[in-house]
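Take a look at the structure below.
The structure presented is a predicted model; accordingly, all values stated were derived computationally and were not measured. A, B, ... follow the sequence lines: proteins, then strands. Residue 1 opens every chain.
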2 protein chains.
Amino acid sequence: MNVSPEPRAKRATIEDVAKLAGVSRQTVSRAVNDKAEIDAETKRRVLEAARTLNYRPSRFARGLIRQDTTTLGLIISDIGNPFFPELASGVLRAAQARDWQVVLYDTGEDPEREVRALTALADQADVGAGFLHSPAVLAHAVRLGVPFAVLDPGWDTGSAPGVGIDVPGGVRLAVEHLAAAGHRRLGMVDGADDPRDKRRVSFLAIAKELGLDVDEDAVERAPRTVEGGADAVRALLARRPGITGVFTYNDVLAVGAVRGLKAAGLRVPQDCAVVGFDGLPLGELVEPPITSVYVDIRRMGELAVAAAAELLAGRTPEPVMMHPELRVRGSA
Amino acid sequence: MNVSPEPRAKRATIEDVAKLAGVSRQTVSRAVNDKAEIDAETKRRVLEAARTLNYRPSRFARGLIRQDTTTLGLIISDIGNPFFPELASGVLRAAQARDWQVVLYDTGEDPEREVRALTALADQADVGAGFLHSPAVLAHAVRLGVPFAVLDPGWDTGSAPGVGIDVPGGVRLAVEHLAAAGHRRLGMVDGADDPRDKRRVSFLAIAKELGLDVDEDAVERAPRTVEGGADAVRALLARRPGITGVFTYNDVLAVGAVRGLKAAGLRVPQDCAVVGFDGLPLGELVEPPITSVYVDIRRMGELAVAAAAELLAGRTPEPVMMHPELRVRGSA
DNA sequence: TTGTATGCGTTATCAT
DNA sequence: ATGATAACGCATACAA
């Protein structure tokens, strides 16, 4: 996997510059850091020497002394999924406000890569944040000892510090909306592989509670892509004809579902309604726009940074809860 | 702007752990780094001590010794613009293959923030890559002495190492496609603020070359958002009635243009055709899907990392050129 | 198996 | 205005 490392040309150190300029290291330091107590001419000479040697201070040596730079490691599972840029946006904004660096890890939804990323993160960052694939991965994070702000992955993270989503509440909004529109026979396109996933469990529970025509068979698994959504809704239609409403794990799948339905010759929402989850801007662009359970993802990112800051300060913040709201557009 | 820094609880050092476990620092190091020469029982004790003190090795001290971790700083102007996740995707993939870290800077299209990000980057990363707003910013990068792989920002970067795009070639594909479809009176929705921007200049030049009905007035500036595109196309229509083809700076603006046209009661492409630039996946999701000048952005990201690696190795790579191709969809 | 000494590159403190 | 010296926290070579 690794490309063989180039034998990096050894970087010039402050010592080299000092030697070339005929001064001491401290003088170099003063010149480079724009300190006051230094002769203008000396400074010029030093900077010139630095320039010719292509000198740049080592961030490691610097970091060792000035213990002030903070780095947050952000773990996401697929930056190609528009959900994550939205999240990253919030994280970056909050990080910038605190003057933090953000290093990014994309794990491609692969638990193994997630573990590797976590290990790298523990090494390179002061604190982490992100969605984790499973309790096992979270356990790994704990084992590593990295403070980590967990973002609600849809499985129960216990009392792990971070930001949660009121998924049952959100799903309820979706299902009740469909029920209120008269839909009795529903399906779900599920993007999680864990059968205990909150969205799925909530969907089944609430549908049952409302006395709708829904059972385990009404849930179709799908990879979290537009194509995945389209395929899944088609499979759903084949297996359970007569479905008039579909709830999807997220908006990407909702967009796919709408495509799939239209491709099957159905009109949305007249023949079959679709409700997504997340409320991404993307949903507004398609035709019809997606009715979705909106979660303020950017804010979630900001809250994650706040939680990370608490952890860094040695406190253990209570998990914060995000409360979704329904945004009714054209698709349902 | 900065939140006042919490007086971070001082982290335990290897020394603290050694003291608590009643061993020397080196023994701690051995235990923590899974070295062979250590008594199992000692190791257990040490690890326990480390655990209770919440010890984590300092990345700075480590980095100082093992000079092997490489960090790439990626500068993007707006992660909310779907172009950049695409780019980041390629960068992250290539970085991961080399076992590099990636730290992300979002400058919000603000040149000042770009300069600040560049300064931070010079401090925190070994090498940088990204789009820069202007020659002045590039000059700043050079002044800082950071090796930087420049991604084609639409203005002439001279011989700066990095990845270019054959913009004139791409624009030609777009305009010729419109001309071939019989469109003579065109407009452009421009996302750049620099009047010398390659896309705009090429558009005007090629349209003129083809004898089309286009002049400076046919170019409408727009913020690079969907709404911006919609507004701009409306303004264009008002100023130059009879336009039947629109070329846009990028796909986000193309999506906006299509929206604007539809909102104005026009059919796309029958009444007015639209051609975008970039070929983002997003373009496939809207109705009609966007005909666009496709550039392999992910690959561009990978090439940027390759260029960065060259720079790091002390070489000066020739700028690589990306050659776009036209992807005809429904909008033109 | 464990400990001692040394150095990584920088800045702060204190001299000069 | 400049330089010597000591730290920062860790890992490695070497000694015990």
Between dA1(D) atom P and Arg44(A) atom CZ, what is the distance in whole Å?
17 Å
Let's go through Arg30(A) and Glu37(A) carefully: what are the C-alpha distance in whole Å and the side-chain angles of both, what is the deciding distance for salt bridge (charged side-chain N to carboxylate O under 4.0 Å, His left out) to 0.1 Å, and is it a yes or a no?
CA-CA 7 Å; Arg30(A) 283 190 266 262; Glu37(A) 319 95 339; 5.2 Å; no
Regarding Arg30(B), tell me which of base, sugar-phosphate or nothing describes its non-hydrogen contacts under 4.0 Å with the strands shown.
base
Which part of the nucleic acid, if any, lies within reach of Arg25(B) when heavy atoms closer than 4.0 Å are counted: base, sugar-phosphate only, or nothing?
base
Mind listing the closest non-hydrogen atom pair of Ala125(A) and Arg56(B) along with its distance?
O-NH1, 3.5 Å
Considering just the side-chain nitrogens and oxygens of Arg62(A), establish if one lies under 4.0 Å of OP1 or OP2 belonging to dT11(C).
yes
Among dG3(D), dT10(C), dT2(D), the nucleotide that comes nearest once only the side chain of Ile65(A) is considered:
dT10(C)
How long is the line joining CG of Asp68(A) and P of dG9(D), in whole Å?
13 Å
Within the modelled atom types, does a donor on one side and an acceptor on the other bring the side chain of Gln26(A) and the base of dT5(D) under 3.5 Å apart?
yes
Can you tell me how far C1' of dC8(D) sits from CG of Leu64(A), to the nearest Å?
4 Å
Interatomic distance, Gln67(B) CD vs dA11(D) P [rounded to whole Å]:
14 Å
Sugar-phosphate only, base, or nothing, as touched by Val28(B) at under 4.0 Å among non-hydrogen atoms:
nothing
Report the distance from atom CD of Glu37(A) to atom C1' of dT2(D), rounded to the nearest whole Å.
10 Å
Sugar-phosphate, base or nothing in reach of Ile38(B), heavy atoms under 4.0 Å
sugar-phosphate
dT1(C) phosphate, OP1 or OP2, under 4.0 Å from Thr42(B) side-chain N/O:
no
What is the distance, rounded to the nearest whole Å, between atom CG of Asp39(A) and atom C1' of dG3(D)?
15 Å
Please report the distance, rounded to the nearest Å, between CZ in Arg66(B) and P in dG9(D).
18 Å
Quick one: is Ser24(A) getting a side-chain N or O under 4.0 Å of the dG3(D) phosphate, OP1 or OP2?
yes
OG of Ser89(A) to CD1 of Ile297(A): how many Å apart, nearest 0.5 Å?
11.0 Å
No-hydrogen, no-angle side-chain donor-acceptor test under 3.5 Å, Thr71(B) and Arg59(A):
yes
Thr157(B) side-chain N/O to Ala160(B) backbone N/O, donor-acceptor pair under 3.5 Å:
no
Rounded to whole Å, the CZ-C1' distance (Phe60(B) to dA7(D)) equals 16 Å
By the 4.0 Å heavy-atom rule, please label Arg59(A) as base, sugar-phosphate, or nothing.
nothing
Nearest to the side chain of Ser58(B), which nucleotide is it out of dG9(D), dA1(D), dG9(C)?
dG9(D)
Please pick, from dA12(C), dA5(C), dG3(C), the nucleotide with the shortest atom-to-atom distance to any side-chain atom of Thr27(B).
dG3(C)
